[in-house]
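First comes the structure, then the notes that go with it.
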Amino acid sequence: MTMIGPFHPWRDTLHDLGVMGLIPVPLVREAVIEKQPRPIMAQSAQEAVQEKTNLPVVPAPADPVAFPPPERVAAAATLEDLERGIQGCLACPLGAGRIRFVFGEGSGASGLLFIGEGPGRDEDLKGRPFVGKAGELLDKMLAAIGLERGQVYIANIVKCRPPDNRTPTGPEAQRCLPYLKRQIELLAPRVIVTLGATPLRELLGVQTGITRVRGQWQRLEMLGGIPVMPTFHPAYVLRQYTQEVRRAVWSDLVAAKKWLDDAGTR
Ligand code: SF4
């Protein structure tokens with residue numbers, strides 16, 4: 001009889017056959033371990049395990065371009081360094097489907113950072129965030145509070161386009177999040193505006209629907225606490241182009257701009 005699969009189902013099967021007590025458990029476990037995929041872990045940890053078990057060492061993903069190591073991300077001293085270090089990333093399934101990597105762009109000078117969900121078709125083609133219809137609306141939203149695109153920084157939760165513009169999954173977003181967090185550390189924004197539910201959920205862990213939470217100040221626990229104003233995503237505004245929705249977004253942006261202006265005098 002060939003033993004494959006995890007230990008517990010085999011233990012149950014052997015138990016059902018009434019032979020569990022006839023085979024010493026360590027033998028069953030050894031036979032099952034033979035069929036298990038080798039764990040991937042840090043080299044030093046692997047060596048420690050190998051010393052004790054004699055299992056062969058399987059190296060961790062070693063390609064630092066496709067799997068940028070956390071030390072490289074943490075060591076990036078500028079946004080340009082960071083982009084160079086991660087633009088070949090294939091660490092989640094979205095990487096394989098992208099045309100262009102969309103790092104984010106703009107200026108940190110105003111202290112205002114906008115965070116959206118992920119690149120869409122136009123962004124994927126051009127390698128820039130918010131360049132389609134939603135981007136045009138974002139430009140208008142900025143103009144309404146007296147700002148131009150070049151004065152703010154714009155980024156997304158994920159840097160590669162999800163297929164069919166679907167929402168990034170939790171694991172995809174969390175895999176990409178260290179890059180955005182390093183961007184935030186380097187930009188040190190005074191105010192963040194999140195666009196839609198995804199950045200709020202993935203960056204701040206807020207699960208409440210965007211309709212209920214928009215317009216209410218949140219706080220990102222980084223750099224001593226950064227105020228976050230959640231508002232609707234421009235793509236949602238385009239779909240729900242009502243006066244009520246537009247007015248809500250405008251008032252959220254006015255509040256963010258006021259905080260920014262007041263921060264300059266504090
Ligand atoms: S979405 Fe982020 S984690 Fe996934 S492949 Fe692109 S850069 Fe890497």
Side-chain angles (χ1 to χ4, degrees), residues 39-42 59-106 108 113-132 134-135 138 152-189 192-207 210 220-222 226 228 233-236:
I40 291 173
M41 59 182 80
D63 181 350
V65 175
F67 297 89
E71 313 82 73
R72 173 186 289 190
V73 176
T78 63
L79 291 168
E80 292 74 22
D81 274 353
L82 180 62
E83 182 171 9
R84 264 194 302 277
I86 65 172
Q87 63 192 354
C89 178
L90 294 172
C92 90
L94 300 183
R98 72 170 172 247
I99 296 173
R100 302 278 296 270
F101 180 83
V102 184
F103 179 71
E105 66 178 27
L113 167 63
F114 284 81
I115 302 177
E117 181 177 286
R121 187 178 59 94
D122 295 316
E123 289 77 16
D124 189 32
L125 287 171
K126 296 196 173 148
R128 298 180 54 210
F130 284 91
V131 288
L138 181 61
V152 304
Y153 199 91
I154 305 172
N156 283 307
I157 287 290
V158 290
K159 304 200 178 298
C160 307
R161 181 192 182 194
D164 302 321
N165 294 346
R166 65 160 169 77
T167 302
T169 64
E172 289 162 355
Q174 292 304 312
R175 185 62 191 80
C176 209
L177 207 54
Y179 305 154
L180 178 63
K181 287 190 168 171
R182 186 67 190 135
Q183 260 174 311
I184 293 173
E185 286 171 351
L186 292 168
L187 283 162
I192 294 174
V193 175
T194 52
L195 303 167
T198 303
L200 203 55
R201 184 177 60 245
E202 301 297 345
L203 186 61
L204 281 91
V206 174
Q207 304 291 337
I210 184 67
L220 176 62
E221 298 303 337
M222 286 180 67
I226 305 171
V228 176
H233 194 285
Y236 172 83

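Whatever order the structure lists ligands and atoms in, that order sets their numbers, starting from 1.
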Tell me which protein heavy atom sits closest to atom 7 (S) of ligand 1, plus the residue, atom name and distance to 0.1 Å.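 Of the protein heavy atoms, Phe101 CE1, 3.6 Å lies nearest.
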Can you list everything that forms a salt bridge (Lys or Arg N to Asp or Glu O under 4.0 Å) with Arg182? Sequence neighbours excluded, please.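 Counting only residues at least two positions away or on another chain, Arg182 forms a salt bridge (Lys or Arg N to Asp or Glu O under 4.0 Å) with Glu185.
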To the nearest 0.5 angstrom, please state how far the CD1 atom of Ile226 sits from the CG atom of Leu113.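 If I round to the nearest 0.5 Å, the distance is 8.0 Å.
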Charged N to carboxylate O below 4.0 Å: is that the case for Asp124 and Arg121?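 A salt bridge is absent here (no side-chain N lies under 4.0 Å from a carboxylate O).
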Short question: side chain of Glu105, backbone of Ile154 - any donor-acceptor pair under 3.5 Å?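 Such a contact is absent between Glu105 side chain and Ile154 backbone.
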Side-chain (Glu123) to main-chain (Gly120) donor-acceptor, under 3.5 angstrom: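 At least one qualifying donor-acceptor pair exists.
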With a 4.5 Å limit on heavy-atom distance, are the side chains of Tyr236 and Leu195 in contact?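 Answer no - side chains too far apart.
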Tell me, which protein N/O/S atoms are under 2.8 Å away from atom 8 (Fe) of ligand 1?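 Listed by chain and number: Cys89 SG.
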